[in-house]
Amino acid sequence: MNILIVYTHPNHTSLNYSFLQKVLTGIHVNPSATETKVVDLYKEDFNPALVFNDDKKRRNMHTDPEMKLYREQIIWADHIVYIYPIWWGRPPAMLLGYIDRLFSTDFAYRNKGKGYNVEGLLKGKSVTCISTMKGPTGYIQLFLNNAHKTLMKKALFGYVGIKKVKFFEFGSMESKKGLQDKNLNKVQQYFEVL
């Protein structure tokens with residue numbers, strides 16, 4: 001199984017970075033994991049701005065040369081892992097820009113006829129989303145109606161044909177060291193047998 005990890009946090013001493021290390025440790029002992037690649041969007045200075053103009057047409061996004069490597073990584077991957085914080089109830093703008101620029105028509109999905117009839121082109125892949133937040137996990141669930149999960153699972157992954165999606169959402173992580181260790185180990189164990 002080829003595993004692509006998309007890490008989206010500007011600080012390599014953060015809790016998110018600790019989750020990245022635990023994912024890599026778990027994958028290392030997993031006999032079904034054949035190869036792993038890590039995309040660090042902040043380290044790569046990824047440009048999240050989506051631009052359309054006379055030279056860059058929306059209909060040609062699937063051939064944008066700036067996104068060629070990222071498209072190849074998605075095609076190569078059997079399983080994709082996203083590691084990111086929740087800021088203001090949603091993933092960072094850096095990750096959303098990556099999604100905006102990458103998951104384009106004729107790459108991630110294809111329009112079929114008129115209306116809202118689409119075919120997801122990334123069928124057969126699976127995803128794990130690992131997110132952390134300063135506030136309690138219940139805040140997102142109760143007050144924001146799980147907007148984060150709806151965005152990621154239905155509006156993105158379901159649309160492009162990815163049906164198997166696992167979420168790890170960890171709240172109140174800045175104040176509870178014991179909880180951090182427990183959740184870090186939980187993630188490592190998950191990837192040991194993925």
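Position 1 is the first residue of the sequence, and the numbers go up from there.
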Can you check whether L102's main-chain N or O pairs, donor with acceptor, with R71's side chain at less than 3.5 Å? no
The complete set of side-chain hydrogen bond (donor to acceptor under 3.5 Å, both in side chains) pairs with one or both residues in residues 119-130, sequence neighbours excluded, reads H79-S126, H79-T128, R110-E119
Correct closest heavy-atom pair for R101 and N47 would be NH1-O, 2.6 Å
Here the salt bridge (charged side-chain N to carboxylate O under 4.0 Å, His left out) pairs for residues 40-57, sequence neighbours left out, are K56-D64, K56-E66
Closest non-hydrogen atoms of I3 and A33, given as atom of the first, atom of the second and distance, are CD1-CB, 3.9 Å
Step by step, would you call D106 with T63 a side-chain contact (heavy atoms from CB on, under 4.5 Å)?
-> CA-CA 9 Å; D106 294 326; T63 61; over 6 Å; no
Can you find a heavy atom in the side chain of F167 that is under 4.5 Å from one in the side chain of H148? yes
- Can you check side-chain contact (heavy atoms from CB on, under 4.5 Å) on T132 and Y84, steps first, answer last? CA-CA 7 Å; T132 61; Y84 54 92; over 6 Å; no
Under a side-chain separation threshold of 4.5 Å, the hydrophobic residues clustered together with F52 are L50, M61
Heavy atoms of P85 and P92 approach each other most closely as O-CD, 3.2 Å
In the structure I gave you, are the side-chain heavy atoms of V23 and I130 within less than 4.5 Å of one another anywhere? yes
Verdict with supporting geometry, Y82 and F157, ring pair (Phe, Tyr, Trp, His ring centres under 6.0 Å): CA-CA 12 Å; Y82 294 93; F157 301 128; 5.7 Å; yes
Report whether V51 and M67 are members of the same hydrophobic cluster (ILVMFWY, side-chain heavy atoms less than 4.5 Å apart, transitive linking).
no
Rounded to the nearest 0.5 Å, the CG atom of N185 sits from the CG atom of D181 at a distance of 6.5 Å
| Is any side-chain heavy atom of T8 closer than 4.5 Å to a side-chain heavy atom of I83? | no
Heavy-atom closest pair (E35 atom, W76 atom, distance to 0.1 Å) is O-CH2, 3.6 Å
Minimal heavy-atom distance between P91 and L151, with the atoms involved, is CD-CD2, 4.0 Å
Note: with side-chain heavy atoms under 4.5 Å as the link, the other cluster members for L121 come out as none
The side-chain contact (heavy atoms from CB on, under 4.5 Å) partners of Y17 (sequence neighbours excluded) come to Y7, H12, S14, L20, Q21
side-chain contact (heavy atoms from CB on, under 4.5 Å) filter on Q73, not counting sequence neighbours, yields L4, V39, L69, Y70
N30 side chain to G26 backbone, donor-acceptor under 3.5 Å: no
Scanning both residues in full, the closest heavy-atom pair of L41 with M94 reads CB-CG, 3.7 Å
So the ring-ring contact (aromatic ring centres under 6.0 Å, His included) pairs with at least one residue in residues 21-45 (sequence neighbours excluded) are none
So the side-chain hydrogen bond (donor to acceptor under 3.5 Å, both in side chains) pairs with at least one residue in residues 154-167 (sequence neighbours excluded) are none
Is there a side-chain contact between M133 and E169 in this structure, where contact means two heavy atoms from C-beta onward sitting under 4.5 Å apart?
yes
Rounded to the nearest 0.5 angstrom, the CG-CG distance for N16 and N11 is 9.5 Å
Could you tabulate the donor-acceptor pairs under 3.5 Å formed by side-chain atoms of residues 186-194, not counting sequence neighbours?
from	atom 1	to	atom 2	distance (Å)
Q188	OE1	K22	NZ	3.3
Q188	NE2	E192	OE2	3.0

Those residues at least two apart in sequence (or on a different chain) that pass side-chain hydrogen bond (donor to acceptor under 3.5 Å, both in side chains) with Y109 are T105
**Study point:** Validation row: M152, V127 side chains within 4.5 angstrom (heavy atoms)
**Key:** no
In this structure, CG of D78 is separated from OG of S32 (nearest 0.5 Å) by 9.5 Å
Between F19 and F170, how do the two ring planes meet: parallel, tilted or perpendicular, split at 30° and 60°?
parallel
By salt bridge (charged side-chain N to carboxylate O under 4.0 Å, His left out), K68 pairs with (sequence neighbours left out) E72
Sequence neighbours excluded, the answer for side-chain contact (heavy atoms from CB on, under 4.5 Å) partners of T34 is N2
